[in-house]
Visitor: 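I have a structure I would like to understand better, so I am pasting it below and will then ask my questions one at a time.
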There are 2 protein chains.
Amino acid sequence: MKIEEEIKVKSFSSDWQRASINIMYTGNWLNLILEKRAAKKQITLQQFNVLRILRGQLPNPSTNNLLKNRMITNTPDISRLVDRIVAKGLVSRCKNKEDKRAVDLFITEKGLALLEEIEDDMMLNDLLPQNLSEQEAFQLSELLDKFRGSIPPEEV
Amino acid sequence: MKIEEEIKVKSFSSDWQRASINIMYTGNWLNLILEKRAAKKQITLQQFNVLRILRGQLPNPSTNNLLKNRMITNTPDISRLVDRIVAKGLVSRCKNKEDKRAVDLFITEKGLALLEEIEDDMMLNDLLPQNLSEQEAFQLSELLDKFRGSIPPEEV
DNA sequence: TACGTTTAAATGTTGTCACACTTTTGTTTT
DNA sequence: AAAACAAAAGTGTGACAACATTTAAACGTA
């Protein structure tokens, strides 16, 4: 379904406008689906993303700071986000020996098991290949990289 | 800058994965920029979007419901969102004569003036054409439409 | 060494979001 | 016309987000 129909707009002032709106709309569309799938296991999408990052770092620990740099969406409140997954027993937290300011984070067995269970569903492999060829997906990603250009988001 | 560098990922499990992550990342990137620009005039991006929709409906009124259907991002709490712009004097609200359930919304003179002031900045005309040709922007939008396919987000 | 600066994380506060539920009005069915 | 249903908006609540500030540790440098 075209973006014009989705949000009932007759026309856009330019193709750049159309693309911008479409990126935000589609990002939100993706978010809705993924939040819904994550909710089946009583976690949020952000919590899922944190778990994936933690697993990706194994056997090394991660820190709040590392998480911040790798999150897809900006998360200034990473401390309390981690609080919540620690409370669920999916992550363990202990002080770093070398840098006493930092905190080492590890995904627990429980966290790993949950990832295993949910991951297939979160990949959207049941959806995406229906709509887009892998070639087109590649091209889409290239265009998005180009869309952002080289401007760091803080400076705009 | 490639998405791999932005979030420090070595590789993705597929091009669909890469594209999905990139859409969310770029959506967030856009959001950050637009929120920042809207904040210069003490409004949020959602409030700006509401004002644009209201103006687009002129000379007709809008309703909460109409807004909900046209917002780029899901907004279940549209009532209170409108409360806030009404409180700022940017929108006026009065009961619909025909359907007593509905509420008619109009953008005020103050709202129109604010749109005028801020709109150029919000278009990102200073940014986007540097990075992407209009042709590419067109293509990007087409790919995003295709990415979502025909599945309504509630059913996924 | 001592000082100022930077960095990592935590916290306090305020506002907003998400979800479910309620109220009121309109529409449909029998 | 009455009952059942659907739709529009509003509300109560708890979780979460954003922003600024704070605390503690590390670093850099004179």
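Within every chain, numbering begins at 1; the chains are lettered A, B, ... in the order of the sequence lines, protein sequences first and strands thereafter.
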Visitor: Whole angstroms only, please: what is the CG-P distance between A:Asp77 and D:dA15?
Guide: 15 Å
Visitor: Suppose we call a contact any N or O donor and acceptor under 3.5 Å apart; does that hold for the side chain of A:Arg80 and the base of C:dG12?
Guide: yes
Visitor: What is the distance, rounded to the nearest whole Å, between atom CG of B:Leu32 and atom C1' of D:dA17?
Guide: 13 Å
Visitor: State whether B:Arg18 and B:Asp15 are salt-bridged, where the test is any N-O pair (Lys NZ or Arg NE/NH1/NH2 against Asp/Glu carboxylate O) under 4.0 Å.
Guide: yes
Visitor: Give the residues of residues 85-106 of chain B touching DNA chain C, defined as any heavy atom closer than 4.0 Å, sorted by residue number.
Guide: B:Glu98, B:Asp99, B:Lys100, B:Arg101
Visitor: Take A:Asp121 and A:Lys41, measure what salt bridge (Lys or Arg N to Asp or Glu O under 4.0 Å) needs, and give me the verdict at the end.
Guide: CA-CA 11 Å; A:Asp121 211 22; A:Lys41 299 286 177 187; over 6 Å; no
Visitor: Near A:Asn96 CG, under 6.0 Å, is it more than 12 heavy atoms from other residues, nucleotides or ligands?
Guide: yes
Visitor: Using 4.0 Å as the upper bound for N to carboxylate O, is an ion pair formed by B:Arg55 and B:Glu119?
Guide: yes
Visitor: Whole angstroms only, please: what is the CD-P distance between B:Glu35 and D:dA17?
Guide: 15 Å
Visitor: Figure out the CD/C1' separation between A:Gln47 and D:dA17, and round it to whole Å.
Guide: 14 Å
Visitor: Using whole Å, report how far CG of A:Leu81 lies from P of C:dA10.
Guide: 12 Å
Visitor: Does the side chain of B:Gln46 get closer than 4.0 angstrom to OP1 or OP2 of C:dT16 through an N or O atom?
Guide: no
Visitor: Take atom CG of B:Asn31 and atom P of C:dC17, then tell me their distance rounded to the nearest Å.
Guide: 12 Å
Visitor: Does A:Arg37 come within less than 4.0 Å of A:Asp126, counting only side-chain N to carboxylate O?
Guide: yes
Visitor: Should B:Leu51 and B:Leu90 count as side-chain neighbours, where that means a heavy-atom distance under 4.5 Å?
Guide: yes
Visitor: For A:Lys100, I'd like to know if atom NZ has over 12 heavy atoms of other residues, nucleotides or ligands within 6.0 Å.
Guide: no
Visitor: Between A:Arg84 and D:dA15, does any side-chain N or O lie under 4.0 Å from OP1 or OP2?
Guide: no
Visitor: To the nearest 0.5 angstrom, please state how far the NZ atom of A:Lys146 sits from the CG atom of B:Leu132.
Guide: 6.5 Å
Visitor: Short of 4.0 Å, heavy atom to strand atom, which residues of residues 53-76 of chain B count as contacting DNA chain D?
Guide: B:Thr63, B:Asn64, B:Asn65
Visitor: Please determine if A:Arg80 and A:Asp83 form a salt bridge, counting it only when a charged side-chain N lies under 4.0 Å from a carboxylate O.
Guide: no
